[in-house]
J.: 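Sharing a structure with you now.
Indexing begins at 1, ligand by ligand and atom by atom, following the structure's order. Values below: all heavy atoms of this structure, side chains included; hydrogens, waters and symmetry mates excluded. If you read the sequence from its start, that first residue is 1, and numbering goes on from there.
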Amino acid sequence: MPLKKTQSVLFVASECFPLIKTGGLADVVGALPIALAHAGTNVTVFLPGFPKVLAGIESARTLAKIKTSDGPPAKLISGTTASGLNIIALDAPQYFDIEGNPYLDDTGNDRPDNGAKYAYFSKVAADVALGKIGRKKYDILHAHDWQAGLCAAYVKASGTTKLRTILTIHNLAFQGRFPKFLMASLGLPTSYYSRNGLEYWDQVSFLKAGIMYSDHITTVSPTYALEIQSDDGGMGFGGLLRARSQSISGLLNGIDLDVWNPETDPEIYKSYSAENPKGKAGNKSALQKALKLRPDAKAPLFTVISRLTTQKGLDLLADMTDFIVAEGGQIALLGSGDSAIEDAFNAAAKKHPTEISVTIGYDEPLAHQLQAGADAIFIPSRFEPCGLTQLCAMRYGTVPIVGRVGGLNDTVIDASPMALANGAATGVQFAPVNAHMLYSAISRAFDLYSNPAQWNQIVTNCLNQNVGWETSAADYRDLYASL
Ligand code: ADP
């Protein structure tokens, strides 16, 4: 029998945990290649050469020097990370020698060179995958989100049919839209600026380029794959995505079970597991102490670990803080984002200093401590492509209270009477996402918590949930093979 050929895949993405991260995209790009390696697929990750990325590459070597008229001088640096990822970084200091948020400047506005920068990034990535730079030709170019959206256009323009392209949409809200004058500097045929190409309402959209020119499109949960093909959830792309319906699949994200493991996590106060869950209570009391919350093992401690945006429905939650405190609950929040939401939570913490703790910022160790110490996590998202915090939460026996949208619908089993009776419940879902339904979901959570046997059953169900990558990695491998 002939041996099955091992596919070689180039991931193209702007973030990758643990090198550079602003959200779930980084987690996926950092974990999926390792799961794919176990499933028999070789992945190299192509990243922008941000200082943190270059510093995190071990045994770095220069793969190629790039001198072209349509971009700044640059080098390709290849190597591996401590976590075992194969990396190629585009070391172009003019574009990527920046600290802080990769997309936003210090005032919170889009960086002015985002269009030119990610076009260049995608062009070089396409040339690498095609074997025009470096010696290796790849079978699959797998682009992630708008930052890599143009890759498929460059591959198409090269005329090859050997290199297959996939776009994964992690969040349709980020569309990579730029003024049309950018088109002249992209080095693509002018005919690509059309309704069937990357033109979008008189602008250029990098995400639309990915949607139109990729051989296949995936997104990160089955429910979101349907939502983005609707007029409501399509954010302007619903019709285009419906037209490509035969080439869209929704493959659920997982999390890295080594990074998120309450048995071995060095960041948390006490280790625990499904078999031996007692340590979770120790994490709660240590967290209450560290955050200067009233020490009380019986007060339900809710957490939020999130971008503070209306997508995440946290404006709705900000209005519920008095109610939660009146019912005897506590809140520990970590996140940053819209200033109105930050202000509302800061005011609530000032009003209830022993019951509400607010940390504005990004803090990886604290995120782990919150997941380990809290009883429940709020994710009242208005839309949620997949969501990773509910998966991390379940891994840590923290019960998710979620809007019934996207991947939250696919990964959390609502504590309905039937699910409770069957011992299947892993959380609380509510729909539609509005203040009224969030209020009733919170009331339901208090009710469930007041019955310790019932609550402990839900916690155990969460701890036993399979939230890793194994199943989806096999699905991606099969998808690559089918292309
Ligand atoms: P997003 O839409 O932001 O990508 P996800 O739920 O898919 O949301 O992924 C968010 C990831 O970022 C999770 O790993 C979560 O723990 C992490 N995260 C979000 N906000 C913070 C923060 N302020 N500090 C530390 N980690 C955070």
J.: Which protein non-hydrogen atom lies closest to atom 16 (O) of ligand 1, naming both residue and atom, and how far is it?
T.: Thr389 CG2, 3.7 Å
J.: Testing the 3.5 Å rule here: is there a donor-acceptor pair between the side chains of Asn109 and Thr107?
T.: yes
J.: For atom 20 (N) of ligand 1, state which one of Gly23, Ser306, Gly335 supplies the nearest heavy atom.
T.: Ser306
J.: So if I count the atoms of ligand 1 from 1 in the order they appear, which ones are less than 4.0 Å from some heavy atom of Gly24?
T.: 1 (P), 4 (O), 7 (O), 9 (O), 10 (C), 11 (C)
J.: Going by the order shown, which atoms of ligand 1 are within less than 4.0 Å of some heavy atom of Gly361?
T.: 22 (C), 23 (N)
J.: Who's the nearest protein heavy-atom neighbour of atom 6 (O) of ligand 1, and how far?
T.: Leu388 N, 2.9 Å
J.: Pull out every atom of ligand 1 sitting under 4.0 Å from any heavy atom of Gly387, numbered as shown with elements.
T.: 6 (O), 7 (O)
J.: Assess whether side chain to side chain contact (heavy atoms under 4.5 Å, CB included) is satisfied between Ile442 and Leu317, documenting all intermediate values.
T.: CA-CA 10 Å; Ile442 296 171; Leu317 186 68; 4.3 Å; yes
J.: In ligand 1, which numbered atoms sit nearer than 4.0 Å to a non-hydrogen atom of Asp27?
T.: 11 (C), 13 (C), 14 (O)
J.: Apply the test side chain to side chain contact (heavy atoms under 4.5 Å, CB included) to residues Gln147 and Asn114: give CA-CA distance (whole Å), side-chain angles for both, the deciding distance (0.1 Å), then the verdict.
T.: CA-CA 9 Å; Gln147 296 87 347; Asn114 277 350; over 6 Å; no
J.: I'd like to know if the side chain of Arg382 and the backbone of Gln311 have a donor-acceptor N/O pair within less than 3.5 Å.
T.: no
J.: Let me see the working for Ser249 and Thr218 under side chain to side chain donor-acceptor pair (under 3.5 Å), right down to the final yes or no.
T.: CA-CA 5 Å; Ser249 27; Thr218 74; 6.0 Å; no
J.: Nearest to atom 8 (O) of ligand 1 by heavy atom, Lys312, Lys21, Arg307: which?
T.: Lys312
J.: Identify the protein heavy atom lying closest to atom 27 (C) of ligand 1, giving its residue, its atom name and the separation to 0.1 Å.
T.: Tyr362 CE1, 3.4 Å
J.: Looking only at side chains, do Tyr103 and Glu15 share a donor and an acceptor under 3.5 Å apart?
T.: yes
J.: Please check whether Asp363 reaches ligand 1 - meaning an N/O of the residue sits under 3.5 Å from an N/O of the ligand, judged on distance alone.
T.: yes
J.: As a test of understanding, state which of Leu301, Ile377, Leu291 forms a side chain to side chain contact (heavy atoms under 4.5 Å, CB included) with Leu370.
T.: Leu291
